[in-house]
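Structure record follows, encoded as structure tokens.
Source: prediction; values computed, not measured. Order of listing sets the numbers, starting from 1, for every ligand and every atom in it.
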Amino acid sequence: MLRSCTAGLRSIWALRGRREGAPRLSMDLQPARRLFSTEKVIHKDWALPNPSWSKDLKLLFDQFMKKCEDGSWERLPSYKRRSTQESEDFKTYFLGSALQTQSLWKKAQLFTRGFEDGLGFEYVIFKNNDEKRTVCLFQGGPYLQGVPGLLHGGAMATMIDIALGSCTGGAVMTANLNINFKRPVPLCSVVVINSQLDKLEGRKLFLSCNVRSVDEKTLYSEATGLFIKLDPEKSST
Ligand SMILES: CCCCCCCC/C=C\CCCCCCCC(=O)SCCNC(=O)CCNC(=O)[C@H](O)C(C)(C)COP(=O)(O)OP(=O)(O)OC[C@H]1O[C@@H](n2cnc3c(N)ncnc32)[C@H](O)[C@@H]1OP(=O)(O)O
């Protein structure tokens with residue numbers, strides 16, 4: 001596994017900069033203004049295949065794109081930054097946040113999309129609106145290592161949070177996340193996160209998910225989450 005990961009890493013580095021519009025990874029090599037300067041970078045949809053995607057990930061992606069053809073499933077686009085409207089929605093609740101007072105708001109971006117192709121979080125989410133569930137295809141790259149050769153549990157928790165969040169809509173926050181890590185996830189492998197909305201109770205959304213290998217034989221994790229729809233009457237800061 002480590003050998004294939006190293007080979008993958010070599011090919012990832014060989015492909016550096018080839019994807020159109022892809023910013024370089026390190027801030028010290030690339031001045032911040034260049035990372036955030038063009039509309040093209042800001043609005044790029046990152047939930048699409050790139051050369052770092054493994055065969056498994058591409059195959060599953062193609063299968064789900066087929067399911068999208070009759071409209072029962074949709075691929076969720078993924079941007080480094082939230083749309084102006086979404087940002088405004090959240091700003092309403094966090095008027096005193098440091099981001100706004102320190103003028104850093106313009107530089108804010110989703111941290112899962114801050115890595116160079118293949119090194120961090122490669123993922124795409126498909127949503128079935130009628131069934132209130134999503135499927136997240138996730139390949140965790142070499143920069144997400146915890147125990148040598150294995151994916152860091154925090155990286156897995158991040159993806160679980162995002163996967164569960166994708167079953168919600170509008171302005172919500174994670175109030176509780178409960179994860180059982182059952183088997184370690186090999187670094188650079190592909191996992192499938194099946195999430196569903198179990199119950200809606202007022203502003204509370206109860207969700208659950210499981211994380212499995214592509215062949216479905218290995219159950220890596222199971223999790224539940226409680227998300228709360230933000231109350232416009234309350235400010236959280
Ligand atoms: C953001 C998602 C957007 C989705 C967009 C869709 C696109 C899909 C694509 C991509 C998905 C990306 C997804 C990203 C995901 C990232 C999410 C995060 O990282 S969030 C950061 C970590 N979370 C916090 O920092 C919260 C901190 N906590 C709070 O701010 C508050 O506690 C909050 C807002 C959660 C609730 O506060 P209150 O004042 O509005 O509500 P109160 O009255 O306290 O609670 C309401 C009800 O919920 C229960 N409740 C609240 N917290 C609970 C808890 N921890 N456990 C159990 N019950 C709880 C309460 O008991 C109450 O229940 P009763 O109505 O009385 O029955």
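Ring-plane geometry between W53 and F61 is classed as perpendicular, the angle between the planes exceeding 60 degrees on a 0 to 90 degree scale with a lower cut at 30.
Atom CZ of R183 sits in a sparse spot, with 12 or fewer heavy atoms from other residues, nucleotides or ligands closer than 6.0 Å.
When the options L76, N176, I162 are ranked by their closest heavy atom to atom 10 (C) of ligand 1, first place goes to I162. Counting only non-hydrogen atoms, the option in K229, K127, M173 that gets closest to atom 25 (O) of ligand 1 is M173. Between G169, S166, G170, it is G170 that holds the heavy atom closest to atom 4 (C) of ligand 1. When D161, L205, T168, V172 are ranked by how near their heavy atoms come to atom 16 (C) of ligand 1, first place goes to D161.
The shortest N/O to N/O separation between A175 and ligand 1 falls below 3.5 Å. Between R203 and ligand 1, at least one pair of N/O atoms sits closer than 3.5 Å.
Using a 3.5 Å distance cut-off with no hydrogens or angles, the side chains of R212 and T218 do not pair a donor with an acceptor. Side chains of Q139 and S54: a donor-acceptor N/O pair is present below 3.5 angstrom, by distance only. A side-chain donor-acceptor contact under 3.5 Å links D161 and T174.
Residue-level proximity to ligand 1 for I125 is absent, since no heavy atom of it falls below 4.0 angstrom. The backbone and the side chain of T174 each have at least one atom closer than 4.0 Å to an atom of ligand 1 (non-hydrogen atoms only). Within the 4.0 Å heavy-atom criterion, the part of K204 lying near ligand 1 is the side chain and not the backbone.
Of all atoms in ligand 1, numbered sequentially from 1 with element shown, those under 4.0 Å from a heavy atom of L230 are 34 (C).
Residues passing the side chain to side chain donor-acceptor pair (under 3.5 Å) test with Q196, sequence neighbours excluded: D198.
In this structure, R75 pairs ionically with D45, as a charged nitrogen and a carboxylate oxygen lie closer than 4.0 Å.
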